[in-house]
A.B. asks: 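The structure that follows is given in the form of structure tokens.
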2 protein chains.
Amino acid sequence: MQSDDAKTRRREIPEASLRRLPIYYRFLQKMAVDGVVRVSCADLARGLGLDPTQVRKDIEMTGIVGKPRFGYPLVHLIGWLENFLGWNRAKSAVLAGAGSLGSALLGYEKFRKHGMEIMAVFDIDGAKIGQRIHGKEVQPLGFLPDFVRRTHTLLGLIATPADAAQSVADLMVTGGIRAIWNFAPAHIRVPERIILQNEDLYHSLASLSFKLERQLGAPPFESEISYAKDH
Amino acid sequence: MQSDDAKTRRREIPEASLRRLPIYYRFLQKMAVDGVVRVSCADLARGLGLDPTQVRKDIEMTGIVGKPRFGYPLVHLIGWLENFLGWNRAKSAVLAGAGSLGSALLGYEKFRKHGMEIMAVFDIDGAKIGQRIHGKEVQPLGFLPDFVRRTHTLLGLIATPADAAQSVADLMVTGGIRAIWNFAPAHIRVPERIILQNEDLYHSLASLSFKLERQLGAPPFESEISYAKDH
DNA sequence: TAGATTGTTAATCGATTAACAATC
DNA sequence: TAGATTGTTAATCGATTAACAATC
């Protein structure tokens with residue numbers, strides 16, 4: 001059914017599909033190292049132990065056109081994915097929070113290869129301000145909005161304690177940030193236009209803990225055979 | 001085809017709902033501090049800026065019974081959620097990888113309040129072995145399976161580089177671990193009985209990056225044209 | 001050609017949202 | 001009581017899975 005309103009033409013991209021693309025991307029890179037020159041969705045599914053139909057749909061969603069009976073030129077597909085995700089276009093970011101997690105994030109050199117560069121770090125703790133972490137000097141948190149404004153930074157990472165997260169998010173929004181990647185275990189609220197990605201460990205821990213206890217036979221209700229599904 | 005055996009009629013717990021429970025849980029704790037003694041789902045929804053119907057469904061899913069016109073006694077609901085998620089029952093864990101992320105995880109004291117206690121740390125790097133991190137002495141990775149076996153550890157955390165993740169997961173499974181929380185940016189495969197929770201930052205980064213570029217007006221589908229031409 | 005693989009459409013499944021009944 | 005809130009059922013929506021057509 002094509003309601004070909006040329007305007008509403010944009011396909012809706014499922015979040016879950018987007019989140020699977022890095023899995024394919026990495027596997028493709030490994031294949032490239034091995035000298036492989038072409039790849040089919042079936043190859044990907046086999047190699048990763050995933051459902052072939054799902055892989056097909058995910059790849060197709062990116063809009064790449066392949067050849068029946070052939071698949072995709074490997075390097076072309078890699079480049080396609082990089083372009084699709086914007087991983088080949090640099091986006092600057094700021095980081096709030098220079099604790100252990102913040103420092104770890106600052107040390108992830110691979111972020112840059114994935115289109116994200118942390119330009120500056122901010123903290124409220126006087127003892128940390130002025131210190132250098134992975135080559136970046138920690139600045140006072142209050143400087144953040146102006147820095148964001150001056151440099152047109154798009155992305156803000158929050159790695160502060162939970163109780164500071166909301167106010168830091170507000171600072172970022174004030175400065176004109178467009179997207180927030182929140183690592184603090186806190187529910188923050190932002191204007192609708194702001195893209196918010198939460199990386200709250202306790203969300204995962206809840207799921208993991210519940211499933212683990214269920215599997216062990218601990219009784220929320222009746223324990224039952226759990227059919228494991230995705231990975 | 002689901003057999004509606006009235007007795008073994010276990011409700012299916014949606015993953016997404018599980019992952020939202022910590023949000024409610026935290027908000028309830030804040031309310032408790034403020035001296036509130038009862039709460040309705042509408043209160044939660046309002047306070048958190050979430051959809052009331054969804055909150056209702058999520059809370060109902062946990063099996064708690066409330067009173068119409070009243071809601072739930074606040075403390076009772078908090079305790080109920082803790083019990084439902086298993087956060088009031090200690091589960092031991094091991095950590096593989098004593099790098100910056102591993103160290104940060106080790107330092108999260110709140111994990112213990114959420115039912116998880118990291119009992120031991122392992123690394124393959126001779127320079128790290130023997131060091132103490134947050135009071136835990138780093139042990140050789142090879143000791144991991146035996147430790148897990150001896151102590152009946154349920155949960156394994158992987159915070160190694162990507163290329164070590166699969167072999168570490170295998171070690172954990174060998175030792176008899178029941179669930180793996182994988183922080184390495186790697187797709188790992190485990191037997192079906194093993195619960196696997198991935199915390200892959202690049203999954204999120206893909207989603208975030210794509211959405212950000214789309215919002216900025218960057219053209220994923222326009223570039224498609226230039227690529228499509230070359231074959 | 002034959003058949004593997006892409007491309008596309010349909011069916012199924014599950015989660016969200018909406019509607020409404022029960023009840024304190 | 002009245003009406004706010006829980007409890008439950010139905011409708012909608014979206015994603016996954018399956019089926020099949022096109023094509024190189």
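Every chain is numbered from 1 and lettered A, B, ... according to where its sequence line falls, protein lines coming before strand lines. These values consider heavy atoms only, across backbone and side chains, with no hydrogens, waters or symmetry-generated copies.
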A.B. asks: Nearest heavy atom decides the nucleotide; on that basis, is A:D51 or B:Y72 closer to the 5' end of DNA chain D?
C.D. replies: B:Y72
A.B. asks: For the pair made of CZ in B:R46 and P in D:dA4, what is the distance, rounded to whole Å?
C.D. replies: 12 Å
A.B. asks: Start with the C-alpha distance between A:D170 and A:Q166, add both sets of side-chain angles, then the distance that settles side chain to side chain donor-acceptor pair (under 3.5 Å), and finish with yes or no.
C.D. replies: CA-CA 6 Å; A:D170 294 343; A:Q166 181 65 61; 3.0 Å; yes
A.B. asks: Checking base pairs now: Watson-Crick or wobble, both atom distances under 3.5 Å. What partners C:dC24?
C.D. replies: D:dG3
A.B. asks: Using purine N1 to pyrimidine N3 plus N6-O4 or O6-N4 for Watson-Crick, or N1-O2 and O6-N3 for G-U wobble, both under 3.5 Å, which nucleotide pairs with D:dA19?
C.D. replies: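 The base-pairing partner of D:dA19, which may sit in any strand shown, is C:dT8.
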A.B. asks: Answer with yes or no after comparing the ring centroid distance for A:Y202 and B:H114 against a 6.0 Å cut-off, counting only values under it.
C.D. replies: yes
A.B. asks: Consider the side chain of A:E60, meaning its heavy atoms from C-beta on, and name the nucleotide among C:dA18, D:dC24, C:dT8 that approaches it most closely.
C.D. replies: C:dT8
A.B. asks: Between A:D43 (CG) and C:dT5 (C1'), how many Å, whole number?
C.D. replies: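 Atom-to-atom, A:D43 to C:dT5, this comes out as 10 Å.
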A.B. asks: To the side chain of B:V65, which of C:dG7, D:dT9, D:dG7 is closest?
C.D. replies: D:dG7
A.B. asks: Starting from P on D:dT16, measure out to CD on A:E15 and report it in whole angstrom.
C.D. replies: 11 Å
A.B. asks: Could you state the CG-P distance from A:L18 to D:dG14, rounded to the nearest angstrom?
C.D. replies: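 Value for this atom pair: 15 Å.
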A.B. asks: Kindly say whether the aromatic ring centers of B:Y25 and B:W87 come within a distance under 6.0 Å.
C.D. replies: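 When the ring centroids of B:Y25 and B:W87 are compared, they turn out to be within the sub-6.0 Å range.
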A.B. asks: Rounding to a whole Å, what distance do you find between A:D58:CG and D:dT16:P?
C.D. replies: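 About 7 Å, once rounded to whole Å.
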A.B. asks: State which of D:dG3, C:dT16, C:dT8 makes the closest approach to the side chain of B:A16.
C.D. replies: C:dT16
A.B. asks: How close or far is atom P of D:dT6 from atom CD1 of B:I59, stated in whole angstroms?
C.D. replies: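 Distance check: B:I59 CD1 to D:dT6 P gives 9 Å.
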A.B. asks: Let me know the distance between CZ of A:R69 and P of C:dG7, rounded to the nearest Å.
C.D. replies: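 Value for this atom pair: 16 Å.
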A.B. asks: If every non-hydrogen atom of B:A93 is compared with every non-hydrogen atom of B:L157, which pair is closest and at what distance?
C.D. replies: CB-CD1, 4.0 Å
A.B. asks: Heavy atoms from C-beta onward define the side chain here; which of D:dG7, C:dT16, D:dT17 lies closest to that of A:Q54?
C.D. replies: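 The closest nucleotide is D:dT17.
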A.B. asks: Just checking B:S40: base, sugar-phosphate only, or nothing, at a heavy-atom cut-off of under 4.0 Å?
C.D. replies: sugar-phosphate
A.B. asks: When you get a sec, tell me which of C:dA22, C:dT17, D:dC24 is the closest nucleotide to the side chain of B:P68?
C.D. replies: C:dA22
A.B. asks: Nearest whole Å is fine: how far is C:dG3 C1' from A:F70 CZ?
C.D. replies: 17 Å
A.B. asks: Does the side chain of A:R20 get closer than 4.0 angstrom to OP1 or OP2 of D:dT16 through an N or O atom?
C.D. replies: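 Yes, such a contact exists.
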A.B. asks: Counting side-chain heavy atoms from C-beta on, which of D:dC24, C:dA10, C:dC24 comes nearest to A:K57?
C.D. replies: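 So the side chain of A:K57 is nearest to C:dA10.
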A.B. asks: With under 30° as parallel and over 60° as perpendicular, where do the rings of A:Y108 and A:F111 fit, or are they tilted in between?
C.D. replies: perpendicular
